[in-house]
Every structure is written in structure tokens, then in C-alpha cells.
Amino acid sequence: MMTFACCALGIRFVFFGGSVLKEWGLESTAGALILFRRMGLMYLGLALMFFLGRTAAPSEIRSAVCLVIGGTALLLAGLGVFEFSARRAGAGIFRSVVAEAILGAAFLWVWWAG
């Protein structure tokens, strides 16, 4: 599931970054699209890491990855809410906030479950 979610985010940011910016109520500039493509490749790299490690036994490194990625996703969700409340992003950002909150909670659940 994590592999699929990261693949979907990565592909969306790499190939459809302009539509994401429009959804968030932001202008689609060359600089923003460059950042989105780079961020999309990071998500695709995470997807590959999750796919290759999908059968990993509980370990300290697996716990660390889950804790860090889960915390980061929850911080991204919080940042989205902050940007909306500061009126720098439109209500469309809540689609991303919800996805990030679900991913973050899932990673923290895997970390907690061991």
C-alpha cells in the first residue's frame, strides 16, 4: 500500500505538477514545476525502497524508517493546514493534507505495532 501511495504521489508530482498547483490555488511557475518534479522523484525513490523492503522483519532500521517517514508526513499535513490558514494556499490543499495524514498515521502504526 505504501509503495502504491508513493508511486501515485511521485507520478502526480512529476507529470501533473501544474494541476496540483492549480488545485492548491497557486500559480504554476517554472520554478515550482522544477521543485515538484524533484519532489516527485523523491517519492518514487521512497516507493522503490518500500517495495524492496516490504518483507523486512521487524528491526531497528525498519522502526527508524517508519518513525521518520510517518513523522515527516504528519509534519507535511500540518504545514498544509498552516499554509491554508495563512491564505497562501487554497482549500484544494486539503486533499494532500488528508493523504499525508493517512500515510503518516499508517507509518506510525507500523512503527508502533513493531
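Below, each value reflects all heavy atoms present in this structure, side chains not excepted, and no hydrogens, waters or symmetry copies. Note that this is a predicted model, so its numbers are computed, not measured.
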Interatomic distance, [X] atom [atom1] to [Y] atom [atom2] [nearest 0.5 angstrom]:
{"X": "Leu46", "Y": "Leu9", "atom1": "CG", "atom2": "CG", "result": "10.0 Å"}
{"X": "Leu103", "Y": "Ile69", "atom1": "CG", "atom2": "CD1", "result": "10.0 Å"}
{"X": "Phe107", "Y": "Leu74", "atom1": "CZ", "atom2": "CG", "result": "11.0 Å"}

Take atom [atom1] in [X]; do more than 12 heavy atoms of anything else shown fall under 6.0 Å from it?
{"X": "Ile61", "atom1": "CD1", "result": "no"}
{"X": "Arg54", "atom1": "CZ", "result": "yes"}
{"X": "Arg37", "atom1": "CZ", "result": "yes"}

Are the side chains of [X] and [Y] in touch, meaning some heavy atoms are under 4.5 Å apart?
{"X": "Leu33", "Y": "Thr29", "value": "no"}
{"X": "Leu79", "Y": "Val97", "value": "no"}
{"X": "Met49", "Y": "Val65", "value": "yes"}

**Request:** Output all residues satisfying salt bridge (Lys or Arg N to Asp or Glu O under 4.0 Å) with Arg95, sequence neighbours left out; order by chain, then residue number.
**Result:** Glu23
**Prompt:** What residues form a salt bridge (Lys or Arg N to Asp or Glu O under 4.0 Å) with Arg88, not counting sequence neighbours?
**Reply:** Glu83
**Request:** Only pairs at least two apart or in different chains count here, so list each ring pair (Phe, Tyr, Trp, His ring centres under 6.0 Å) that has a residue in residues 68-89.
**Result:** Phe84-Phe94
**Message:** I'd like to check the side chain to side chain contact (heavy atoms under 4.5 Å, CB included) partners of Val20; sequence neighbours left out, ordered by chain and number.
**Reply:** Arg12, Phe13, Trp24, Phe36
**Asked** side chain to side chain contact (heavy atoms under 4.5 Å, CB included) with Leu67: which residues, sequence neighbours excluded?
**Response** Leu108, Trp111
Please tell me whether [X] and [Y] are part of a single hydrophobic cluster in this structure, the criterion being side-chain heavy atoms less than 4.5 Å apart.
{"X": "Leu44", "Y": "Phe16", "value": "yes"}
{"X": "Leu21", "Y": "Val81", "value": "yes"}
{"X": "Met42", "Y": "Leu48", "value": "no"}
{"X": "Phe50", "Y": "Leu76", "value": "yes"}

**Request:** Quick one: closest heavy-atom pair of Ala47 and Cys6, and the distance?
**Result:** CB-CB, 3.7 Å
**Message:** I need the minimum non-hydrogen distance between Val110 and Cys66, along with the two atoms involved.
**Reply:** CG1-SG, 3.6 Å
**Item:** Pairs involving residues 56-66, ordered by first then second residue, that meet salt bridge (Lys or Arg N to Asp or Glu O under 4.0 Å) (sequence neighbours left out)
**Value:** none
